[in-house]
Structures are given as structure tokens and as C-alpha cells.
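Worksheet for the structure shown next.
Given the structure is predicted, the values throughout are model-derived calculations rather than measurements. Below, chain A is the first sequence line, B the second, and so on; all start at residue 1.
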Number of protein chains: 2
Amino acid sequence: MTNRPYHHGDLPTALLAQAEQTLRERGAGALSLRELARDTGVSPAAPSRHFKTKQALLDALALTGFERLAETIAASQESAGESFAERLDAAARAYVGFAVANAALLDLMFSAKHSPEASQALGATAHRWSEQLLGLISDGQRRGEVREGPLERVALPVFAALHGFADLTVSGMLPENAAGYGLDDVIASVLRQCRPE
Amino acid sequence: MTNRPYHHGDLPTALLAQAEQTLRERGAGALSLRELARDTGVSPAAPSRHFKTKQALLDALALTGFERLAETIAASQESAGESFAERLDAAARAYVGFAVANAALLDLMFSAKHSPEASQALGATAHRWSEQLLGLISDGQRRGEVREGPLERVALPVFAALHGFADLTVSGMLPENAAGYGLDDVIASVLRQCRPE
DNA sequence: ACCTGAACACCGTTCAAGT
DNA sequence: ACCTGAACACCGTTCAAGT
């Protein structure tokens with residue numbers, strides 16, 4: 001362990017790592033730049049060199065979230081079967097699993113608070129992730145297991161259903177017993193809405 | 001206009017009204033109890049008599065949001081047709097319309113930050129609202145326009161799809177052109193997943 | 001280029017004291 | 001019961017100055 005050299009080494013990464021831990025353990029409200037600086041062993045003004053503002057750090061945090069979400073879903077496809085139903089099932093469980101395991105982060109990722117410019121960068125990364133879903137559906141169409149139609153237009157309702165369930169779960173708006181049957185039913189309903197005539 | 005009597009008259013209501021205006025005009029990040037107190041012509045410590053903490057005020061704000069959402073959806077049913085398709089269409093547009101018109105408030109309503117106790121009160125009010133949707137679907141089942149099954153289990157995927165689309169819209173995560181066809185497609189997909197075999 | 005130290009204007013919350 | 005005034009410990013952000 002270096003004993004606090006003048007240059008930290010990789011302050012931006014250290015700040016983000018610390019921020020994510022605080023987010024997970026104590027929620028978004030407990031995130032303070034000064035505390036982050038203290039925990040990283042650096043002066044209160046140091047973070048501003050790398051994140052011009054607190055919101056900029058939050059935006060960066062959300063971005064890493066989208067990246068990890070994309071990886072999580074990609075991983076779910078590795079061990080999934082071939083059929084559309086199996087692949088959708090795996091992706092849906094991966095998404096909701098990520099949401100539950102990273103509730104505060106998901107909140108941040110889909111909050112309306114992002115700066116206009118950051119929203120664009122986020123949109124780009126979110127797009128990379130949504131391509132997973134698009135590929136899955138496109139495959140299903142080729143296999144004849146998903147109805148025809150423009151890819152994005154078939155995909156959006158699927159996306160909405162999965163994200164909606166994840167968000168409702170995370171925000172605690174689901175009835176007690178919904179945890180049991182909820183996800184299964186959502187997946188079934190997506191399959192129903194996707195299947196060809 | 002009374003010239004600032006010692007007792008405000010109805011400080012809690014005044015604070016909530018001011019808070020909602022600030023929320024709409026400048027977002028959740030700009031909400032400060034001290035500023036609220038200033039704008040209401042009251043001392044910095046006054047709000048604490050009515051909202052023990054800032055989070056308590058935010059919870060109360062979210063609660064009024066759910067109440068207004070319930071009213072908005074109820075109103076949409078007044079002028080809607082009789083069929084399930086027409087009534088779902090009206091409710092969906094009312095929901096998404098509310099979401100777009102009250103983006104920051106919706107964010108607050110479905111954020112994961114609510115205190116454990118407040119979540120229960122919120123859940124109760126949210127439940128009152130979801131009953132609108134349940135009634136709608138129950139009606140559809142009676143008319144033979146919606147597939148059979150336990151009401152909550154048929155309703156949850158519908159709820160997820162509508163909320164998911166509203167949330168994606170509000171958080172700016174939708175592709176540019178999705179505004180045009182998005183809602184129509186989501187409604188169509190919900191109808192497809194609801195219809196009897 | 002990267003960071004410190006000190007400063008500025010602001011917070012949320014508490015608590016004695018006033019009406 | 002409801003509110004004020006003053007205080008406390010904390011913020012985010014800026015900027016000269018140091019390495």
C-alpha cells in the first residue's frame with residue numbers, strides 16, 4: 001500500500017468504486033463528494049479535477065451500470081438454450097436479478113436527472129445494451145418463433161414489460177406475494193405477445 | 001393577503017404546493033427545505049413541525065402524486081367507450097400523459113428511496129390507483145374480451161408494460177422516433193397478451 | 001497535470017425561547 | 001400548538017497556491 005503519494009494513481013476509478021459501494025450500502029442520498037474524497041484519502045477539491053460536478057460523477061456511475069448490465073445479460077445468453085422462449089427467459093431473469101441486486105444503481109440509471117449532454121452518452125451505452133434484446137428478438141423472428149414486424153417496434157413493448165417489472169420490483173410497489181409468480185407471468189405474457197398468429 | 005401572521009394558516013399545504021412547483025420547474029435536485037421555507041415566508045425551522053425530515057416531505061409529495069394519478073385515470077374512463085380495448089387505450093394514454101406532464105414527480109413516486117414506513121402508506125395509495133386497472137381488466141374478463149385467470153396475475157404484466165413504457169419515456173431512454181409509434185405498439189401488445197385463446 | 005488549503009454560500013436538523 | 005433565532009455539523013464548488 002503506497003502511503004498517500006501526491007498523485008493518487010487513479011483517482012477517478014477509486015472515486016467511482018467508492019461511490020458504488022456507498023450507493024449500495026447507504027443509498028443515493030448518502031453520496032457526498034467530500035466524504036468520497038475523505039474515504040479515498042484526498043482533499044475535498046480533488047474530485048473536481050475529474051468530475052466537474054457531482055452530477056457528472058453520478059452520470060459516470062450510471063454509465064458503468066449500463067455496461068455491467070449489458071455484460072450480465074450477455075452472460076445469461078451463454079448458458080441459455082436455443083429457443084426464443086429459453087433465451088428470453090434467461091435474459092429476463094438476468095435483468096431483474098441485476099435490478100434487485102443493484103436497486104439504487106438502477107434507480108440512478110433510469111432517473112430523469114441526467115444532464116442533457118450526459119443523456120446522450122447514456123443513451124448510446126443503453127443502446128449497446130438494448131442491442132442484446134434486439135438480437136434476441138431478431139433471432140426469434142428468423143426461427144419463426146416471433147411475429148414479423150420492424151425489429152424496434154416488436155422489441156419496444158418487450159423492453160417496456162421487462163423494465164416495468166424490474167422497476168416496480170425495485171421500488172417496492174408490488175404486492176407481497178407478487179415476488180413469487182410475478183416474473184414468471186411477465187415472461188409468459190411477453191411470449192404470448194410475441195408469438196406469430 | 002394577510003401580512004405574515006405568526007401562524008401561517010396552513011403551512012403543510014403551502015409547503016407541498018411550493019415543493020411541487022419547484023419540482024416541476026427545476027427538478028428534484030433543486031428542492032431545499034430552507035428555500036421552501038423562505039418562499040413560504042416562514043423561518044428555516046418551521047417546516048420541521050410538519051415534516052420531521054426532508055424525506056418525509058418528499059414522501060408526502062409522492063403520495064399526492066399517486067392521488068392525482070388515480071384521479072387522472074378515473075377521469076379518462078368517464079369519456080371512454082365500453083369495450084376493453086377502448087378503456088385500456090384511454091387509461092394507458094392517461095397514465096403516460098401524466099408521466100410526461102409530471103416527469104420529476106413520477107421519478108419521485110417510483111424511486112427506491114422511501115423510508116420503510118412511508119413505503120407502506122405509499123403502497124396503500126398506489127394500491128387504490130392500481131384498483132382502477134384491476135377493475136378495468138375484471139370488466140374485460142366479464143365481457144369475455146380478456147383471458148381468464150386470477151385478476152392480479154392477469155393484471156401485473158399489463159401494469160408492468162404500461163409503467164415500463166412511461167418510465168422509459170420519462171427517463172429519456174427511448175430512441176428518437178419511438179415517441180410516435182411507441183405507445184400505440186405497447187397498447188396493441190397489451191391487448192394481444194390479454195385476449196382469450 | 002494533479003492536488004492542497006482555505007474560503008464562500010449554502011444545506012438539514014436541533015433546541016431553547018418566544019407568542 | 002406553532003413558530004423564531006441562533007447554532008451545529010455538514011455540503012458543493014471555486015481558486016490561488018503548491019508539487
Salt bridge check: are [X] and [Y] linked by an N-O gap of less than 4.0 Å?
X	Y	value
B:Arg192	A:Glu197	no
B:Glu35	B:Arg26	yes
A:Arg68	A:Glu20	yes
B:Arg93	B:Asp184	yes

query: Does a side-chain N or O from B:His50 land closer than 4.0 Å to OP1 or OP2 of D:dA1, or not?
result: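 So the side-chain polar atoms of B:His50 never come under 4.0 Å of the phosphate oxygens OP1 or OP2 of D:dA1.
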field: Sub-6.0 Å ring centroid separation between A:Phe98 and A:Trp129
entry: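 No; A:Trp129 has its ring centre 6.0 Å or more from that of A:Phe98.
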- request: Could you tell me if the ring centre of B:Phe110 sits under 6.0 Å from that of B:Phe66?
  value: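 Ring centroids of B:Phe110 and B:Phe66 are less than 6.0 Å from each other.
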- request: Go through B:Glu86 and B:Asp89 one step at a time and tell me if the side-chain contact (heavy atoms from CB on, under 4.5 Å) criterion holds.
  value: CA-CA 5 Å; B:Glu86 286 172 303; B:Asp89 187 273; 5.7 Å; no
- prompt: What is the per-nucleotide protein-contact pattern of nucleotides 11-16 of chain D, from the 5' end, where B denotes a base atom under 4.0 Å from a protein heavy atom, S denotes such proximity for sugar-phosphate atoms only, and - denotes neither?
  reply: SBBBB-
DNA chain C stem ranges, 3 or more consecutive Watson-Crick or G-U pairs under 3.5 angstrom: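 As far as DNA chain C goes, consecutive pairing (with distances under 3.5 Å) yields the stems C:4-8 with D:12-16, C:12-16 with D:4-8.
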message: Suppose the criterion is side-chain hydrogen bond (donor to acceptor under 3.5 Å, both in side chains): which pairs have a residue in residues 148-157 of chain A, not counting sequence neighbours?
response: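 Pairs touching residues 148-157 of chain A that pass the test: A:Arg153-B:Asp185.
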